K.L.:
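Encoded as structure tokens, here's the structure I'll be asking about.
Treat the numbers as computed from the prediction; the structure is a model and nothing was measured. The figures that follow rest on heavy atoms only: side chains count, while hydrogens, waters and symmetry mates do not.
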Amino acid sequence: MGKLSYGMNVSVDGYIADRSGSIEWSEPEDELHQYWNDHTRALAVALYGRKLWELMSAYWPTADEDPSATPVVVEFAQLWRAVPKVVFSQTLDKVEGNARLERGDPVEVVRKMKDETDGLIEVAGATLAAPLVRAGLVDGFNLVLTPTAVGGGTPFFPPLDKWIPLELVENRTFPSGAVLLRYVPRS
């Protein structure tokens, strides 16, 4: 059975994007980028909503061709292309690369996916993650708190009907001052 992970860079005030939708404030330094590379290497499949898919697919398919790309960026581009992806959207007509388009209910699709997938499934994007978090499908939360407060925007956690008690299973501080907090739901 697959495990579902939800992780992103998060401002210290809890947002994954600022009010204008920008995530530029969260650009990782090399050591943190390497953490995300290692995490991506372990994925069986990545799940994207339309917004984050459009952002990622506009850059990562060819990012390693940029002569100024650092080794960690080159590596991530190669890893990102290799990971199978499922893109949830009602408005996109098609997706490119190692991806397939899914129009079904994310909760139903992910329940089935967890039953049929060996390994780690990553949900990327707060909008897609929201119904999965509320349905109790997320097995692990990877928050990388960046040393920036943005004052509003898209929150990492959606509004919840009930508390989600969490257990800290890993923490790590990066040279930039970003802090990884990895949690699993308490049983």
Side-chain angles (χ1 to χ4, degrees), residues 4-89 91-102 119-129 140-157 170-182:
L4 181 64
S5 174
Y6 171 38
M8 298 190 76
N9 293 343
V10 181
S11 66
V12 294
D13 51 349
Y15 299 97
I16 59 100
D18 69 15
R19 286 187 182 111
S20 68
S22 174
I23 61 170
E24 289 180 29
W25 51 269
S26 70
E27 189 168 316
E29 38 84 16
D30 280 353
E31 188 176 326
L32 175 53
H33 208 303
Q34 187 61 54
Y35 164 78
W36 287 118
N37 287 13
D38 296 341
H39 181 75
T40 301
R41 185 178 292 107
L43 298 179
V45 63
L47 312 177
Y48 285 90
R50 181 194 52 83
K51 287 180 191 175
L52 191 54
W53 169 254
E54 288 177 338
L55 181 71
M56 298 292 280
S57 66
Y59 180 72
W60 290 110
T62 59
D64 56 340
E65 297 171 11
D66 182 345
S68 66
T70 63
V72 73
V73 167
V74 169
E75 179 185 42
F76 186 80
Q78 294 166 352
L79 292 166
W80 187 84
R81 282 194 307 264
V83 172
K85 292 168 270 306
V86 177
V87 180
F88 288 81
S89 175
T91 59
L92 291 175
D93 293 324
K94 64 179 183 168
V95 292
E96 304 284 329
N98 193 10
R100 73 174 173 85
L101 189 58
E102 176 59 60
L120 188 59
I121 304 165
E122 174 77 14
V123 59
T127 303
L128 177 59
F141 297 90
N142 299 329
L143 292 90
V144 176
L145 294 180
T146 62
T148 304
V150 299
T154 306
F156 179 83
F157 281 102
E170 181 182 2
N171 68 329
R172 177 176 166 190
T173 302
F174 295 91
S176 65
V179 178
L180 165 67
L181 299 171
R182 194 164 65 83

K.L.:
Taking all non-hydrogen atoms of both residues, which atom of A69 and which atom of V73 are closest, and how far apart?
P.N.:
CB-CG1, 4.1 Å

K.L.:
Using the rule given for side chain to side chain contact (heavy atoms under 4.5 Å, CB included), can you reason through V10 versus L181, listing the C-alpha separation, both sets of side-chain angles and the distance that settles it, and then say yes or no?
P.N.:
CA-CA 11 Å; V10 181; L181 299 171; over 6 Å; no

K.L.:
Identify the heavy atoms of S176 and P147 that sit nearest to each other, and give their distance.
P.N.:
O-CG, 3.4 Å

K.L.:
Which distance, rounded to the nearest 0.5 Å, do you find between the CG of D30 and the OG1 of T70?
P.N.:
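Rounded to the nearest 0.5 Å, the CG-OG1 separation comes to 5.0 Å.
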
K.L.:
Counting only N and O atoms by type, is there a donor-acceptor contact under 3.5 Å from the side chain of D13 to the main-chain atoms of A149?
P.N.:
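No.
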
K.L.:
Take N98 and K85 through the side chain to side chain contact (heavy atoms under 4.5 Å, CB included) test and state the conclusion after the steps.
P.N.:
CA-CA 6 Å; N98 193 10; K85 292 168 270 306; 4.2 Å; yes

K.L.:
Please name the pair of heavy atoms, one in A126 and one in M8, separated by the smallest distance, quoted to 0.1 Å.
P.N.:
N-SD, 4.1 Å

K.L.:
Any chance you could measure T173, atom OG1, to L32, atom CG, to the nearest 0.5 Å?
P.N.:
11.0 Å

K.L.:
Which atoms form the tightest heavy-atom contact between N37 and V72, and what is the distance?
P.N.:
ND2-O, 3.0 Å

K.L.:
Restricting to non-hydrogen atoms, name the atom on P155 and the atom on G153 that form the minimum distance, rounded to 0.1 Å.
P.N.:
CD-O, 3.4 Å

K.L.:
Can you check whether V86's main-chain N or O pairs, donor with acceptor, with R100's side chain at less than 3.5 Å?
P.N.:
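Not confirmed, R100 side chain does not pair with V86 backbone.
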
K.L.:
Surrounding CD of E27 (heavy atoms of other residues, nucleotides or ligands, distance under 6.0 Å), is the total greater than 12?
P.N.:
no

K.L.:
Would you compute the distance between atom CG of L43 and atom CG of D38 and round it to the nearest 0.5 angstrom?
P.N.:
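CG of D38 is found 11.0 Å from CG of L43.
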
K.L.:
As an exercise, state the distance from CG of L143 to CZ of F156, rounded to the nearest 0.5 Å.
P.N.:
4.0 Å

K.L.:
Where do A42 and L120 come nearest, in terms of heavy atoms and distance?
P.N.:
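In this case the closest contact between A42 and L120 is O-CB, 3.8 Å.
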
K.L.:
Do P61 and E96 make a side-chain contact, defined as non-hydrogen atoms from C-beta onward lying under 4.5 Å apart?
P.N.:
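A side-chain contact under 4.5 Å is absent here.
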
K.L.:
For the side chain of R19 and the backbone of G151, is there at least one donor-acceptor N/O pair under 3.5 Å apart?
P.N.:
yes

K.L.:
Hey, is the main chain of Q78 close enough, under 3.5 Å, to the side chain of D64 for a donor-acceptor pair?
P.N.:
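No, the answer is negative, given that no donor and acceptor are paired below the 3.5 Å cut-off.
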
K.L.:
Evaluate the side chain to side chain contact (heavy atoms under 4.5 Å, CB included) criterion for residues S26 and T148: first the C-alpha distance (whole Å), next the side-chain angles of each, then the deciding distance (0.1 Å), finally the verdict.
P.N.:
CA-CA 8 Å; S26 70; T148 304; over 6 Å; no

K.L.:
Roughly how far, to the nearest 0.5 Å, is CG of L180 from NE2 of H39?
P.N.:
10.0 Å

K.L.:
Nearest 0.5 Å, please: how far is OG1 in T40 from CD in E122?
P.N.:
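Interatomic distance, E122 CD to T40 OG1, rounded to 0.5 Å: 7.5 Å.
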
K.L.:
Before giving the answer on side chain to side chain contact (heavy atoms under 4.5 Å, CB included), spell out for L128 and L52 the whole-Å C-alpha distance, their side-chain angles and the decisive distance to 0.1 Å.
P.N.:
CA-CA 9 Å; L128 177 59; L52 191 54; over 6 Å; no

K.L.:
Would you say the side-chain atoms of S57 pair up with the backbone N or O of W53, donor to acceptor, closer than 3.5 Å?
P.N.:
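Present.
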
K.L.:
Could you point out which residue of F76, F174, W80 forms a ring-ring contact (aromatic ring centres under 6.0 Å, His included) with H33?
P.N.:
F76

